[in-house]
Amino acid sequence: MGAFLVRLLFQGIVTLLVVSIIIFVGVFAIGNPLYVLVDPSAPAEVVQETLRQLGLDRPLHEQYVRFVLSALRGDLGTSYVHALPSLELIASRLPATLELVVAGLVIAFLVGVPLGLLAGYMANNWLARLISSLSILGISLPTFWIALIMIIVFSLELGWVPTGGRGDVATVLGIETSLLTASGLAHMALPALALSLFPLALIIRLTRAGVREHNRMDYVKFARAMGISPQRILVSYVLRNILIPIVTMMGLIFGTLVAFAVVTETVFAWPGIGKLIIDSIKVSDRPVIIAYLLFVVTMFLVISFIVDLITAALDPRIRLVKAS
Amino acid sequence: MREDRQSKLKHLVAVAGLALMAIGVIPAQAAEITIATRSEMTMDPHFFWSTPNRAYNVQLYGSLVRLDERIRVQPMLAKSWELVDETTWDFQLDPEARFHNGEPVTAADVVASFDRALNLPNAAASYKGALRGVTGFEAVDQETVRFKTAKPNPALLHQIAQVAIIPAGVAGTARQADFISGKAAIGAGPYRFVEFKPGDRLVLERNDKYFGDQPKWDKVVFRVISDDAARVAALLGGDVEVIDYVPPVDVARLEADPNIAVHKGTTDRTMYLIPDTGRNQSPYVLGADGKPLVPNPMLDFRVRKAMAMAIDRQALVDRVMDGAGVPANQNVAPAVLGHAEGMPPLAFDLDQARNLLAEAGYADGFDLTIHCTNDRYVNDGRLCQAIGQMLARLGLRMTVEALPKAVMFPKIRDHQGDRTSLMMLSFGSGTSGDAGGALTHTIHSYAPDRGFGTWNIGHYSNAEIDALIEEAAATLDAEERGKVQSQAVKRAIEDLAVIPLFYTSVIVASRKGLEYQVHADQSTIADSVSKSE
């Protein structure tokens, strides 16, 4: 376990360094961010002076070294727009995104696994076919389109839920959450549902494929021969085995959704980090862009670590050292 | 019978009771308004200078003078001002003006606020940019502030309208986070801070002790919804009462909706094309052989004239902008001082345009790239395509290059670099209040050391027009200044220094029963919303 952690840490640092260089070169290539931010009537000498103050007039390598040095002290720069340290900014928007993603994944898991079991178990039934066709639709339809249709149907026509925004939040242990207020839940329903569709479809297909594969395996045949009821075989034996790839997949999906819930958050005006990054890119808010991308890389490193741990718990045969 | 009468009586009493309740309820009902806005606020009032921020600041913090819906200067914290000499201005503070914490607004607070606006570290879009030519400010006495300018400076009032005033104590100590939490969000504006949720909402409440016109609403919620479709949906769904920056494509639909009212007006902005008239060889002008075309054809007035004539402005406005705009015959909008009256419209005549092009020796056309932003102005990407097609019909071999502003602006602002050969841009006059901004920045020859021509992307240069612009910039009398400016505008357009397209529109939509007074600089102001009579 110790060696595993050290290796992981080392990998993480190297990855971060490489990614930070790539980001830095990319952002540098776009050019002077101030020309996008500053009101057009600001005199050139003021822009030049600000450029000097912010160190943006230095050569690329010098800016990078400066960035790394202050990053080591935990300072990833201050947002040009929001007047806040970029890490603090990301941290303040993260809870909104996290709860949306968790809600979406819970929906996907709770609905997807039973449907997938059903579709896999009764492979040639009309219901099973319907479920798999719908799951294909869920994978292939673009999120923003589904989101807009949902707004038109559920908000504008039926008037059941608001069109967007976060609504009231309650504070638990210093973290704001929409899950504990009626208004919060109503605001969250559509975006969480929209976000859940893609993972839902994936989980259905993974579960279905898993069930069909395992149903042909010897241990299932033996269990059947022993007279164990089909339901029990499905839930206690097959499900447990096929959960491993599903959990791995969900870990990756979780990361992807957190990092790139951009579309859903924009359409539903959800104040999470997806909306933050898209707005920051639009106005060249360089410190936020860099901090955000580094945050995403770190998050994926942590997620893959956690997934390894969970997989090990689900299947004692997997050893962490080998898994790395 | 008796019973019957009794029940009638009961009924009457009940009705009267209901009526009484209704009467009682109406005055007690809080006047609350929710406005969905495209732009998020920077809570620290001195950190990020932009027009949307100024609009928020003036409602919460207040400034010495404010700009009204036609960008004219109105008194606010300063009730009057006078010129001591050509470069010295004295402002008398309103003795009634109070901060939200009850303390009077003094000259020391004003000086501290301007100090902070000029010197706040790490401010990428510093207010320094707004205060060019202001050399000093000091408190003469408790209620008088004196401003000094380097030269006679007619734009001073518009410049100081940009800067929010906060108590000196706050200005000296507050950190940016304190403004976000609301601890330091103390000003003297008509509304007080209640709550700010970054990326989501800003909530304000009525400042009962406001010294000026009484605020119209008890509570104002600004919801930040940057996505156009989401903003429109929020209005249609009744989640918000007012939305700003309505996409023109949705106007027809909103107008047809019986629950929605649409409010339109013209802005201080003009969309126009900038031809490269400064270089003998322009990087995106090629001959039929694919080699750079020398000399650059756009140096020839006839070619620029042909291009201007090949553009059907009414079609641009009607089809691409869905009616949101007015064809322009110059680069300064009608609402702005310095707009040249009586200029002829720019005619659309493709045949004559082709003749002109042939006369100039380019009957076979040439290769030309038009550059535009695709995320800065309403429909800019589509406009670029349409203009490209119109110029292609003239006989030019067009390439259309629409780029994000984050890529485009650094490219064109690098005056030593390639810039563009033909580009579409828009310029507003909100920060100068007259044609001065557009003239000094976009028409005057590029002279960085003197601060002229920073947005003169085509490097147009005409000494006589430069002289007019500089004369206007030093003329304090508004009427006189407007005359000189309109002279300069007329000369520049007659020479097609830039090719005007159209004046842009501001479109705000609300629920039926609400009125909105649109602002030419597209500020979104709560007190501009009122209940219909």
Side-chain angles (χ1 to χ4, degrees), chain A residues 30-50 53-54 56 77-85 88-89 92-93 96 144 148 151-152 155-156 159 161-166 169 176 266-272 275-276 278-279 281-286, chain B residues 36 40 42-44 47-51 121-126 128-130 132 176-177 179-180 197-201 223-227 229-231 233-240 375 404-414 427-428 430-432 437 440-441 448-449 451 454-455:
Chain A
I30 296 176
N32 185 343
L34 294 192
Y35 287 143
V36 185
L37 288 163
V38 176
D39 188 284
S41 58
E45 69 265 18
V46 172
V47 178
Q48 286 307 320
E49 196 188 321
T50 316
Q53 253 186 30
L54 297 173
L56 293 173
T78 299
S79 158
Y80 297 153
V81 177
H82 302 274
L84 272 183
E88 207 175 294
L89 197 62
S92 73
R93 302 278 185 99
F144 76 90
L148 284 175
I151 290 180
I152 291 172
S155 305
L156 299 186
V161 285
T163 52
R166 200 179 174 197
V169 291
E176 292 186 331
T266 310
V267 174
F268 289 101
W270 189 263
K275 193 159 167 269
L276 174 70
I278 202 74
D279 290 344
I281 289 174
K282 274 190 197 156
V283 297
S284 276
D285 195 346
R286 207 186 260 193
Chain B
E40 181 163 355
T42 306
M43 282 305 298
D44 185 327
F47 187 80
F48 191 93
W49 175 43
S50 69
T51 304
N122 287 325
S126 165
K128 223 178 280 170
R132 159 200 217 166
Q176 268 105 35
F179 289 96
I180 291 170
K197 291 209 170 130
D200 188 31
R201 64 184 59 207
R223 282 207 22 213
V224 184
I225 306 182
S226 50
D227 185 66
R231 213 160 49 246
L235 178 71
L236 288 172
D239 294 338
V240 303
D375 59 351
K405 64 180 180 212
V407 177
M408 187 70 176
F409 284 173
K411 175 178 169 63
I412 58 172
R413 287 293 297 273
D414 177 6
F427 211 87
T431 50
S432 61
T440 52
H441 291 299
D449 44 328
T454 39
W455 286 85

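A note on names: the letters A, B, ... follow the listed sequences, proteins ahead of strands, and every chain is numbered from 1.
Taking chain B as the reference chain and counting heavy-atom pairs below 4.5 Å, the highest number among A:Ala83, A:Gly77, A:Pro43 is found for A:Ala83. For chain B, the option among A:Leu37, A:Val38, A:Leu34 with the highest count of heavy-atom pairs below 4.5 Å is A:Leu37. Contacts with chain B were tallied for A:Val81, A:Asn32, A:Asp285; A:Val81 has the most, counting heavy-atom pairs under 4.5 Å. Top candidate by heavy-atom pairs under 4.5 Å with chain A, chosen from B:Asp200, B:Thr454, B:Ile180, B:Asn122, is B:Asp200. In terms of heavy-atom pairs under 4.5 angstrom with chain A, the leader among B:Pro198, B:Ala229, B:Pro121 is B:Pro198.
You'll find the side chain of A:Lys275 reaches within 4.5 Å of the side chain of B:Ser226, heavy atoms only. Side-chain contact between A:Pro271 and B:Lys197 is absent, with no heavy atoms from C-beta onward closer than 4.5 Å. Contact annotation: the side chain of B:Phe409 never approaches that of A:Pro33 to less than 4.5 Å [non-hydrogen atoms, C-beta and beyond].
Residue contact with chain A, scored on non-hydrogen atoms closer than 4.5 Å, involves the side chain of B:Arg223 exclusively. Heavy-atom distances place no part of B:Phe179 under 4.5 Å from chain A, backbone and side chain included. Interface remark: B:Ala233 contributes backbone and side-chain atoms alike to the contact with chain A (heavy atom separation under 4.5 Å). Residue B:Ala36: no heavy atom, backbone or side chain, is found under 4.5 Å from chain A. For chain A, no part of B:Val240 is nearby; none of its heavy atoms comes within less than 4.5 Å. Looking at A:Glu49, only its side chain comes within 4.5 Å of chain B, counting heavy atoms on both sides.
For A:Ser284, the side-chain hydrogen bond (donor to acceptor under 3.5 Å, both in side chains) criterion is met by no residue, not counting sequence neighbours. With sequence neighbours excluded, the residues satisfying side-chain hydrogen bond (donor to acceptor under 3.5 Å, both in side chains) with B:Arg231 are B:Asp228.
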**Request:** Determine, stepwise, if the pair A:Val283 / B:Lys405 fulfils side chain to side chain contact (heavy atoms under 4.5 Å, CB included).
**Result:** CA-CA 8 Å; A:Val283 297; B:Lys405 64 180 180 212; 4.2 Å; yes
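Between A:Lys282 and B:Glu40 there is no salt bridge, since none of the side-chain N atoms of the basic residue sits less than 4.0 Å from a carboxylate O of the acidic one.
Between the side chain of B:Arg201 and the main chain of A:Arg166, no donor-acceptor pair closer than 3.5 Å is present. Distance alone, capped at 3.5 Å, places no donor-acceptor pair between the B:Trp49 side chain and the A:Asp39 backbone.
In this structure, the separation between CG on B:Leu236 and OG on A:Ser155 is 10.5 Å, given to the nearest 0.5 Å.
A:Thr266 and B:Asp227 share no side-chain donor-acceptor pair at under 3.5 Å.
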